[in-house]
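Only a predicted model underlies this, so the values are computations on that prediction, with no experimental measurement involved.
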Amino acid sequence: MLAKNFDPKSFEKDFSFAAEAAHRNEDAESFMVLLPPPNVTGSLHVGHALCYTLQDIMVRYKRLKGYNVLFQPGLDHAGIVTQLLVEKQLYEKGAKKGSLEREELLREIWRWKENSGGTILEQMKVLGISCDFSRLRFTMDDGSKKAVSRLFIRLYNDGLAYRGERMVNWDPLIQSAISDLEVVEKEVSAKSWYLKYKLENADGFISIATTRPEMLFGDVAVAVNPRDTRYIDLIGKKVLVPIINRSVPIIADDYADPEKGTGAVKITPAHDFNDFEVGKRHGLSLVNIMNERGELEGEEIPEQFRNMDRFKAREAVVALLESEDLLEKVEAIKHKVPFGDRSGVMLEPRITRQWFIDAAKLSIPAVKAVKEGKIAFIPKHWENLFFEWMKNIEPWCISRQIWWGHRIPAWYGPDGQIFVAETAEEALQKAIVFYGKKDDVELVQDNDVLDTWYSSGMWPFIVLGWPDELDLNFYSKMIIVTGFDIIFFWIARMIMFGIYAVGDVPFGNVYIHGLVRDEKGQKMSKSKGNVIDPLQLCDIYGADAVRYTLASAASPGRDIKMSAQMVEIGRNFLTKLWNVVRFAQMNDCAYCTKDFNANTVKHPLAQWIVHKIKNMVQDVENSLENYRFDEATRSIYQCVWNSFCDWYMEFLKPILQSESGIDASNDVTASMKKEIRDVTGWAILQFVQVLYPIAPFMAKKLSGELGVADISWPDVSAITLDCGDSVEKIDRIQSVISAVRSTRKFLGIAPSEKLEAKIETTDDAFRQLCDEYREILLRMAGIFAVQKLDSQSIPVVIADAVVHIGFEGKIDAQAEKKRLHDEMKKLEKNRADTINRLNNEDFLRKASVDIVQEHKDRLDSFNDRINKINYITQNLM
RNA sequence: GGGCGCAUAGCUCAGCGGUAGAGCACUACGUUGACAUCGUAGUGGUCGUAGGUUCGAUCCCUGCUGCGCCCACCA
């Protein structure tokens, strides 16, 4: 017997899903979900909870369906994040900044990973995420290492990975290049300084606005627009850069926008992406004035500014300019500035030697695959975003000047010749051949490591054994569930790498879920303090309630506004189900007969619930196949609560509790009672089974109570029973009860006043039906008599019911007439619309047969009800 | 500046060519038999705005307004 109160904590710990997660059903069709590997430093936030729950629902559903299921987990080494974290800890323990050696730091990071990394995996288990943890992979394990260098070598040999000197976004804190995608623009309050650039060999100056006066040491030109009449005469002349008095030309370039600033712009090619391009066009030299830490450095820098931090230098330069009267004016402005998304510091465009991937080339087949539908984004509109990015794709900078990551498998000879190989020995062999020497070639390995997303991009085939033996049972059939924010970082790269390395797309479907926001719709962030902790919710309401809530809110293309109150709704539903099973236990229905056959049930109520459940299961199947988690939960909720609890169980009570059955006057046999019990137990089991993917702990617990060891998916296709008549009967009784309840309320007859209503009808079949369900009508609507229509009595038509009901109590004729009048008005309007349509030739010509018939039926129903209301209104006089 | 998404009951959201739906909230009544984590009933909406297509538009198309997001723009 279940406890009186539903307390998820009392049983959630009892269940582990490791065995079923590791089970493979080799002969069956394959189904795989690739978990987006969380950072090794990560802990479970509510976004993870949503993403993982949706995946877990799919996976569990497919397992029940008998598929050969693989839910592949992994951990990402998360290069910069992890390195920063461990470095910080070491500094806190007293290590000096910059004193750490590469090998030492790597040892520390590995040690940290073994001791403290991957806490998220345990948190996932709390939420019931049933990955096959026995297959857990790490993006820096041996297999990954091998795969990463193997692919790099191929890319290099094909000319798709190359080393080049280009301008990249540089993070002065991490002291590394980062990819364009890791740049976040933030709007900041800033100033615009208008500097005086004196004309050389002439009086006067050009005023030039800049937000970065400290960069003037790198100026090599001033550009104006060739069509800008203000400056046309100055083109070709020279000006002096303030402070250093470098003589630089005034050049004409369309880049200069007459609308912005003063229309003249200083060109600093080594420190600005646009200026770099201008510089290339005009053959300007590059003057590098900043080091990797963001300090001014170089021959060109006057002594007093050398090695000064960029922001300090700005102040100092401005002060100097002001004192020398080279500052015309200052304006306060707001503009957007690039920041590193990991470090949070302002980035610097910087020219360095980096490794790049020719993403444009790799993107061609990737775009084709999506265009051809080999890969489908769900919802589909995300494909636009994918295409947009792929269209404008830039070379992908993959080298990072950090230590934690896959070291680039490239070695350099004394003359800078590149040898790309899997091992140092191999590289050496290549070098020996190349230089035609014996064994005295000195090679130095590249110090840089690869972007973390490089290995992530290979994840689908790494986890399936590439480059050794790729498991083709799963490759290209898996699905990905993730947020839109990593479509570029991850999805696009997986598609490009997958097609390139394996020759086929890695997956078929990409489901993009929404963002989980707080209850006000704001993005959650630690700084705002509005973060909802999923584990805390699990602790209060149970993991199943959290899962249920997330699933029910996961409507495609919409963000989720999350609150504890929402989880309460989920918890309440599970409580309801808990009590359903308790009820069954109390009434001796909590069992499931192995050979129960839903096709042979006879009782209308039994047939009715079989019918409802069959529909529900089919709806849930359709919903889950289409990633409609919200629909799936809704279908289950409605069937359990509205059909089963509100109606079936209420109908059930008199049957189970009376001596012989529905009514003492009826000959309800013991075998019929038995049938009702069997059906009830069966129905509950069906609920438990369809709920298993969403609320696995609860499902396990309840199936145990029912004495069922193995949960499987209900096979409703085997239910061929024709329930038509039964469904009609029960629905009819239902509508009578609803109608009477509603009218009792309206007439002010208290529910405590029982036995005052009676049904009157000329329809013998209906009278018989009501007679059969007399006990239920009495209990649920207080109807005490069913008799032949007595024309002297006052009938009342209620809502859609086509019955006459008389009341013995007093009726407020005025109020009733008003109510009937209101209903009549609505009916007449609808009737008029319908008639108009049926008289319209265009309608009759164009509408389908079904639709015309539907309108005719509707018209009949309107007429019928209008007649009845008229009749009653007259009788009420 | 380019693109995408959203706008339906007080709130959170379904629906999407053929009589406007759910949950929460609210109101009234109800409780010793599964469940107050409850039951019954009720109140509440010209489906953002203006046009168009259609026999018929909340639904399709166009413009507009408001909100959110992505990309580009660092003078």
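- Here A/N579 lies in heavy-atom contact (under 4.0 Å) with a base.
- Rounded to an integer number of Å, the gap from A/K4 NZ to B/rG33 C1' is 10 Å.
- Within the 4.0 angstrom heavy-atom criterion, no nucleotide atom of any strand lies near A/D485.
- Under the 4.0 Å criterion applied to side-chain N and carboxylate O atoms, A/K829 and A/D833 are assigned as salt-bridge partners.
- Residue A/R558 places its side chain closer to B/rC6 than to any other of B/rC6, B/rG18, B/rA34.
- A close approach under 4.0 Å does occur between a side-chain nitrogen or oxygen of A/K576 and OP1 or OP2 of B/rG39.
- Of the nucleotides present, B/rC29 is the one that pairs with B/rG39 by Watson-Crick or G-U wobble criteria, both distances under 3.5 Å.
- Taking atom P on both B/rG15 and B/rG5, the two are 16 Å apart, rounded to the nearest angstrom.
- Residue A/R845 is classed as having no contact, given no heavy-atom separation below 4.0 Å to the nucleic acid.
- Mapping A/W641 and A/H381 onto RNA chain B by nearest heavy atom places A/H381 closer to the 5' end of the strand.
- Across all strands shown, A/Q565 has heavy atoms under 4.0 Å from sugar-phosphate atoms exclusively, and none from any base.
- Residue A/V580 is classed as a base contact, given a heavy-atom separation below 4.0 Å to a base.
- A/S623 and A/E631 form a side-chain donor-acceptor contact under 3.5 Å, judged by distance and modelled atom types alone.
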Salt bridge (Lys or Arg N to Asp or Glu O under 4.0 Å) for A/K826 and A/E828? Distances and angles first, verdict last.
CA-CA 5 Å; A/K826 199 176 151 194; A/E828 278 175 341; over 6 Å; no
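- Set against B/rA34, B/rU19, B/rG2, the side chain of A/M586 has B/rA34 as its closest nucleotide.
- The distance between atom CZ of A/R571 and atom P of B/rA36, rounded to the nearest whole Å, is 12 Å.
- Counting non-hydrogen atoms under 4.0 angstrom, A/P213 reaches nothing in the nucleic acid.
- Between the C1' atom of B/rU31 and the CD atom of A/E650 lies a distance of 13 Å, rounded to the nearest Å.
- For the P atoms, the distance from B/rU58 to B/rA20 is 9 Å, rounded to whole Å.
- Contact annotation for A/W193: no contact, since no heavy-atom pair falls under 4.0 Å across all strands.
- One atom, CE of A/M824, and another, P of B/rU19, lie 20 Å apart when rounded to the nearest Å.
- Within the nucleic acid shown, A/D257 comes within 4.0 Å of at least one base atom, counting heavy atoms only.
- When the P atom is used for both B/rG3 and B/rA72, the distance is 15 Å, rounded to whole Å.
- As rounded to whole Å, 10 Å separates atom P of B/rC11 from atom NZ of A/K561.
- Taking atom C1' in both B/rG18 and B/rC6, the straight-line distance is 26 Å, to the nearest Å.
- Using a 4.0 Å heavy-atom criterion, one finds that A/P338 contacts the bases of the nucleic acid, with or without backbone contacts as well.
- Both distances falling under 3.5 Å, in either a Watson-Crick or a G-U wobble arrangement, place B/rA22 opposite B/rU12.
- Here A/Y255 lies in heavy-atom contact (under 4.0 Å) with a base.
- To the nearest whole angstrom, the two P atoms, one in B/rC11 and one in B/rU49, are 15 Å apart.
- The nearest whole Å value for the distance from the CG atom in A/N392 to the C1' atom in B/rG2 is 10 Å.
- Among the heavy atoms of the strands, none lies under 4.0 Å from A/Y194.
- OP1 or OP2 of B/rA75 sits under 4.0 Å from a side-chain N or O of A/T211.
- As the counterpart of B/rU49, B/rG63 is assigned, both hydrogen-bonding distances of the Watson-Crick or G-U wobble pattern falling under 3.5 Å.
- At a threshold of 4.0 angstrom between heavy atoms, the contacts of A/S192 are confined to the sugar-phosphate backbone, with no base atom among them.
- Considering only side-chain atoms of A/F843, the nucleotide from B/rU19, B/rC35, B/rG18 that sits closest is B/rG18.
- Here A/R314 pairs with A/E214 in a salt bridge; the nearest charged N to carboxylate O distance falls below 4.0 Å.
- For A/N384, the side-chain atoms get nearest to B/rC4 when compared with the rest of B/rG56, B/rC4, B/rC74.
- Between B/rG3, B/rA34, B/rG18, one nucleotide has an atom nearer to the side chain of A/E388 than all others, and that is B/rG3.
- Salt bridge status for A/E348 with A/R212: present, with a side-chain N to carboxylate O gap under 4.0 Å.
- Between the side chain of A/K336 and the base of B/rC74 there is no donor-acceptor pair of N/O atoms closer than 3.5 Å.
- Using a 30° and 60° split on the angle between ring planes, A/F629 and A/Y511 fall in the perpendicular class, above 60°.
- The side chain of A/R517 approaches B/rC69 more closely than any other nucleotide in the set B/rC4, B/rC69, B/rG23.
- Which of B/rA75, B/rG39, B/rA14 sits closest to the side chain of A/D646 comes down to B/rG39.
- The side chain of A/L385 has B/rC70 as its nearest neighbour among B/rC74, B/rG18, B/rC70.
- Under a 4.0 Å N-O distance rule, the pair A/K9/A/D539 qualifies as a salt bridge.
- Contact annotation: A/R628 side-chain N/O to B/rG15 OP1/OP2 distance is under 4.0 Å.
- In this structure, A/I569 reaches the sugar-phosphate backbone alone: every heavy-atom distance under 4.0 Å involves primed, P, OP1 or OP2 atoms, never a base.
- Closest-nucleotide positions on RNA chain B for A/C645 and A/D842 were compared, and the one nearer the 5' end corresponds to A/C645.
- Centroid-to-centroid, the aromatic rings of A/F205 and A/Y197 stay 6.0 Å apart or farther.
- At whole-Å resolution of the value, CG in A/L838 and C1' in B/rG18 are 11 Å apart.
- A/E650 and A/K653 are joined by a salt bridge, as a carboxylate oxygen and a charged side-chain nitrogen come within less than 4.0 angstrom of each other.
- Contact check, A/R634 against B/rA14: no side-chain N or O comes under 4.0 Å of OP1 or OP2.
- The separation between A/M649 atom CE and B/rG33 atom P is 13 Å, rounded to whole Å.
- Set against B/rC69, B/rC38, B/rA7, the side chain of A/F484 has B/rC69 as its closest nucleotide.
- Base-pair partner of B/rC4: B/rG68 (Watson-Crick or G-U wobble, both distances under 3.5 Å).
- Proximity note for A/A847 (side chain, C-beta onward) versus B/rC71, B/rG39, B/rG18: the nearest is B/rG18.
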